[in-house]
Trainee: 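Please see the structure below; I have some questions.
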Amino acid sequence: MDEVTEDSNISRADSGVKASNFIEEFINQDLAEGKVSEIRTRFPPEPNGYLHIGHAKALFIDFSIAEKYGGKCNLRFDDTNPAKEDEEYVDAIMEDIRWLGYRWDKLAYGSDYFDTCYELAMKLIGKGLAYVDDLSKDEMREYRGTLTEPGKNSPYRDRSMEENLRLFREMKEGKHPEGSKVLRAKIDMASPNLNMRDPALYRIMFISHHQTGDKWCIYPMYDFAHPIQDAIEGITHSLCSLEYEAHRPLYDWVAEHCDFDPRPRQIEFARLNLTNTVMSKRYLRALVEEGQVDGWDDPRMPTLCGLRRRGYTPEAIKDFLARAGIAKADSVVDAGLLEHCLREDLNARAKRLMGVTRPLRLEIENYPEGKSETLFMENLPGSEEKHEISFSRDLYIEEEDFSEVPPSKKYFRLYVGGEVRLKGAYIIKCERVEKDEAGNILKVVCTYDPLSKSGDVNAGRKIKGTLHWVDAKTALPAEYRIYGSLLTDELEGDFKERLNPDSKQALKGFIEPEIKKAKAGEQFQLLRKGYFCADSRDFSPERVVLNMSVGLRDTYTKQVNNI
RNA sequence: UGGGGUGUAGCCAAGUGGUAAGGCAUGGGACUUUGACUCCCACAUUCGUAGGUUCGAGCCCUGCCACCCCAGCCA
């Protein structure tokens, strides 16, 4: 027993990698036992939809493990079912992978290996390990048995090798109609693992394939094609989600009987689930097809392109994945963790700009009319880099930052008779409000303290509240229109209401008037208190990028429930 | 109720026989030119459960319970 322990210690030293999850432990083991030397993984999406954050987990695992071991990761489009797949998704998938920052080694399509699959199927037939079955779909189901009862052999199970060879060739040649025949592995109809009860290997489909056109009318099943593809590419570790666990015996069976050596090892991990988030491709597709959302990249979608539009950064997503961990227990990760990761990333590098969503007019009556001065604001807290903002007698502040009478003792915002600091500018005191006949507040009239200018030595007076604001002269009046990555094009109505109520700390940052200048002619007006970030990397006058760490999840969930 | 899996805090998750890491969330405090950020502090006498082995068990053994996956010519 001691020897075993010693061996495993040595193995750890050999791999030079400290395992941080069970997958890496398996890999270390394989390395130590000399089963593999160079690690190669693969990310095998089916091109039938856009990648979502759940796929990002697989991507993260496949790529980061390969990288950790100095190996490579391939990208392979798993396109064995032309009925469900489309070229449309191929480019989108590659774009999303690149956006996350991953670079695959070899790019391939499962269909690249159709010839080999066919040959191997013939080989299996030759070994007496596969046969052509004429049973219908329904009959096959009946013959399969149930969870508790064994299945029974198909009457076609014992056809001669010659007949099977001829029939399978005929299938390929299109001599048999769809559904009339199928190639099956001859394993064990009494196996307690239903996947081993003579699983289908090939089916007839007169559908042209987005890669191979009309070359084929028979297509291999996933269970047959996948191990073959992995083996051909020299994949050492085929990482996939838990639902394939029961398929592993079949995966191994195929690899073994097709005489591959070495053979890839399949390791399963739990897929990602997020609270309040629909991760099923089926539902996501429904949302798109039924027009519940604008498209796969609608900011409310958990797709990578949706998250991207919503302002998520690749770094935040990868950090999130790393923190959520890799294990085998079914779990639902709190979406708050994802948001936290975004906030943390953005907080460190997103340029701070100011803007106002619901403008309330504010006049500084002791500030000279017509005067305007240029102030400077840090791009990041404590940053040397600053940008200019204009200040004058007429400003806008956030409607909700003002209350005639303080609603509570702990109210730090502006009220009649109260003082507050305008971020990056002066301390002001509210003298009175002006209202219309109906009693609506039209304007808040204040005085400012010229000695309190931000940054001045004598500005040391402390004031509890600080408000963001925009210069009425340079700000554009407007509707809710936000440009950029978060709510990209345009957000109708009052977007605030659509935010998750739990997201009170979710958004941060500022939008400032100069952006509006850049968009002169457009109606534009923004921002709720400290809640948005403009990501400096993507910042340009033409493209304001607003990052919000929480999307429109509430709305989103309701829509899904309606399906 | 056949097979395959999984159960550690509100949510994830380390832990590999030596006396329960870490993160998110939450509560409290400090700081603050945005009630943010940041920083401190608190947060499992107990690991689904009942027994057993052991000087010692979250880790080993046995039984039980719960949840997930498999009966596509989907992946």
Side-chain angles (χ1 to χ4, degrees), chain A residues 5 8 20-21 25 44-46 48 78-81 83-85 110 133 135-137 140-142 144-151 178-184 191-197 199-205 218-219 221-223 225-226 240-249 268 270 275 281 320 322-341 343-344 347-348 352 354 377-378 381-382 398 401 410-413 420-427 452 454-455 459 462-469 504-505 507-510 529-531:
Chain A
T5 311
S8 71
S20 57
N21 57 251
E25 269 172 34
E46 181 182 21
N48 69 343
D78 208 338
D79 55 353
T80 55
N81 185 354
K84 295 196 170 181
E85 296 141 10
D133 198 348
L135 249 31
S136 70
K137 214 180 254 187
M140 258 182 82
R141 184 163 48 243
E142 284 167 29
R144 185 151 33 231
T146 67
L147 294 179
T148 53
E149 303 156 24
E178 246 177 60
S180 65
K181 286 182 168 43
V182 66
L183 182 74
R184 293 231 253 170
S191 170
N193 181 348
L194 302 224
N195 297 304
M196 298 300 271
R197 318 242 262 229
L201 263 25
Y202 259 98
R203 75 286 217 185
I204 299 170
M205 283 201 271
I218 54 171
Y219 294 95
M221 300 289 290
Y222 167 88
D223 282 318
H226 209 85
C240 62
S241 46
L242 245 30
E243 64 264 34
Y244 292 104
E245 216 159 15
H247 292 248
R248 197 189 329 141
E268 311 84 8
T275 54
K281 237 190 224 179
F320 162 73
R323 295 207 209 190
I326 302 168
K328 293 193 73 164
D330 292 316
S331 62
V332 182
V333 180
D334 194 328
L337 180 60
L338 213 208
E339 292 165 10
H340 168 84
C341 292
R343 265 182 267 131
E344 191 174 88
N347 184 47
R352 309 305 149 97
M354 288 197 285
M377 235 183 91
E378 296 167 336
E398 202 70 62
D401 282 343
K410 290 216 160 190
Y411 185 73
F412 301 150
R413 306 188 199 185
V420 91
R421 160 155 242 123
L422 291 176
K423 174 80 177 172
Y426 302 90
I427 290 174
S452 66
S454 178
K462 302 264 191 216
I463 290 292
K464 261 295 190 186
T466 302
L467 305 183
H468 60 288
W469 52 275
K504 56 177 195 275
Q505 311 179 331
L507 319 173
K508 27 186 34 261
F510 311 91
K529 178 158 194 158
Y531 280 59

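Basis for what follows: all heavy atoms, side chains included, without hydrogens, waters or symmetry-related copies. Chain naming here is simple, since letters A, B, ... match the order of the sequence lines and numbering starts at 1 in each.
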Trainee: Apply the syn/anti split at 90° from 0 to B/rG72 and say which one it is.
Mentor: syn

Trainee: Could you tell me how far B/rA57 sits from B/rG18 if I compare only their C1' atoms? Round to whole Å.
Mentor: 10 Å

Trainee: If I take atom CD1 in residue A/I463 and atom P in nucleotide B/rG35, what distance separates them, rounded to the nearest angstrom?
Mentor: 13 Å

Trainee: Roughly how many Å is it from CD in A/E245 to C1' in B/rC67, rounded to a whole number?
Mentor: 14 Å

Trainee: Could you tell me how far B/rA71 sits from B/rG4 if I compare only their C1' atoms? Round to whole Å.
Mentor: 14 Å

Trainee: For a quick check, tell me whether the side chain of A/S454 and the base of B/rU33 share a donor-acceptor pair closer than 3.5 Å.
Mentor: yes

Trainee: Between A/K281 and A/E46, does any NZ, NE, NH1 or NH2 come within less than 4.0 Å of an OD or OE carboxylate oxygen?
Mentor: no

Trainee: If the C1' atom of B/rC11 is compared with that of B/rG35, how far apart are they to the nearest Å?
Mentor: 26 Å

Trainee: Round to the nearest Å and state the distance from A/D334 atom CG to B/rA13 atom P.
Mentor: 13 Å

Trainee: Any chance you could measure A/L183, atom CG, to A/L201, atom CG, to the nearest 0.5 Å?
Mentor: 5.0 Å

Trainee: Reckon A/K462 has a side-chain N or O less than 4.0 Å from the OP1 or OP2 of B/rU32?
Mentor: yes

Trainee: For the backbone of A/A246 and the side chain of A/N193, can you confirm whether one donor and one acceptor N or O come within less than 3.5 Å of each other?
Mentor: yes

Trainee: What is the distance from CD of A/E344 to C1' of B/rG23, rounded to the nearest Å?
Mentor: 10 Å

Trainee: Suppose you measure atom P in B/rC69 against the same atom in B/rU26; what distance do you get, rounded to whole Å?
Mentor: 31 Å

Trainee: Using a heavy-atom cut-off of under 4.0 Å over every strand shown, decide if A/V420 touches base, sugar-phosphate, or nothing.
Mentor: nothing

Trainee: How does protein reach along nucleotides 68-75 of chain B, written 5' to 3' as B (base within reach of a heavy atom under 4.0 Å), S (only sugar-phosphate), or - (no contact)?
Mentor: SSBBSBSB

Trainee: Looking at A/K423, A/R421, A/R413, which hits salt bridge (charged side-chain N to carboxylate O under 4.0 Å, His left out) with A/D401?
Mentor: A/R413

Trainee: What distance, rounded to whole Å, do you find between the two P atoms, one in B/rA14 and one in B/rG23?
Mentor: 15 Å

Trainee: Please report the distance separating the P of B/rC60 from the corresponding atom of B/rU16, rounded so that it comes out in whole Å.
Mentor: 11 Å

Trainee: If we take the P atom in both B/rU38 and B/rG5, what is their distance in whole Å?
Mentor: 43 Å

Trainee: On a heavy-atom basis, which atom in A/D78 and which in A/E85 lie closest, and how many Å separate them?
Mentor: O-OE2, 3.5 Å

Trainee: Just to confirm, is there a sub-4.0 Å distance from OP1 or OP2 of B/rG35 to any side-chain nitrogen or oxygen of A/K410?
Mentor: no

Trainee: For the pair made of CZ in A/F320 and P in B/rG23, what is the distance, rounded to whole Å?
Mentor: 17 Å

Trainee: What is the nucleic acid contact for A/Y411, judged by heavy atoms within less than 4.0 Å: base, sugar-phosphate only, or nothing?
Mentor: base

Trainee: Could you give the distance from CZ (A/R184) to CZ (A/R197), rounded to the nearest 0.5 Å?
Mentor: 11.0 Å

Trainee: Tell me the stems RNA chain B sits in, counting at least three consecutive Watson-Crick or G-U wobble pairs, each under 3.5 Å on both distances.
Mentor: B:2-7 with B:65-70, B:10-12 with B:22-24, B:26-30 with B:38-42, B:48-52 with B:60-64

Trainee: Measure from CD on A/E378 to P on B/rU32 and round the result to the nearest Å.
Mentor: 15 Å

Trainee: Tell me which of A/G325 and A/G465 sits closer to the 5' end of RNA chain B, going by the nucleotide each one is nearest to.
Mentor: A/G325

Trainee: Starting at CZ of A/R421 and ending at P of B/rA36, how long is that distance when rounded to a whole Å?
Mentor: 19 Å

Trainee: With rounding to the nearest 0.5 angstrom, report the CD1 to CZ distance, A/I463 to A/F412.
Mentor: 11.5 Å

Trainee: Nearest 0.5 Å, please: how far is OG in A/S241 from NZ in A/K328?
Mentor: 11.5 Å

Trainee: Restricting to non-hydrogen atoms, name the atom on A/F320 and the atom on A/C341 that form the minimum distance, rounded to 0.1 Å.
Mentor: CA-SG, 3.5 Å

Trainee: Hey, what do you get for CD1 (A/I427) to NZ (A/K462), rounding to the nearest 0.5 Å?
Mentor: 10.0 Å

Trainee: Using the C1' atom as the reference point in each nucleotide, state the distance between B/rC12 and B/rA21 in Å, no decimals.
Mentor: 14 Å

Trainee: Please classify the nucleic acid contact of A/I326 as base, sugar-phosphate, or nothing, using heavy-atom distances under 4.0 Å.
Mentor: sugar-phosphate

Trainee: Determine the minimum heavy-atom distance between A/A329 and A/A270, stating which atoms define it.
Mentor: O-CB, 3.4 Å

Trainee: On a plain distance test, is the side chain of A/K464 in donor-acceptor contact with the base of B/rU32 below 3.5 Å?
Mentor: yes

Trainee: Over how many whole Å does the gap from A/F412 atom CZ to B/rC31 atom P extend?
Mentor: 12 Å

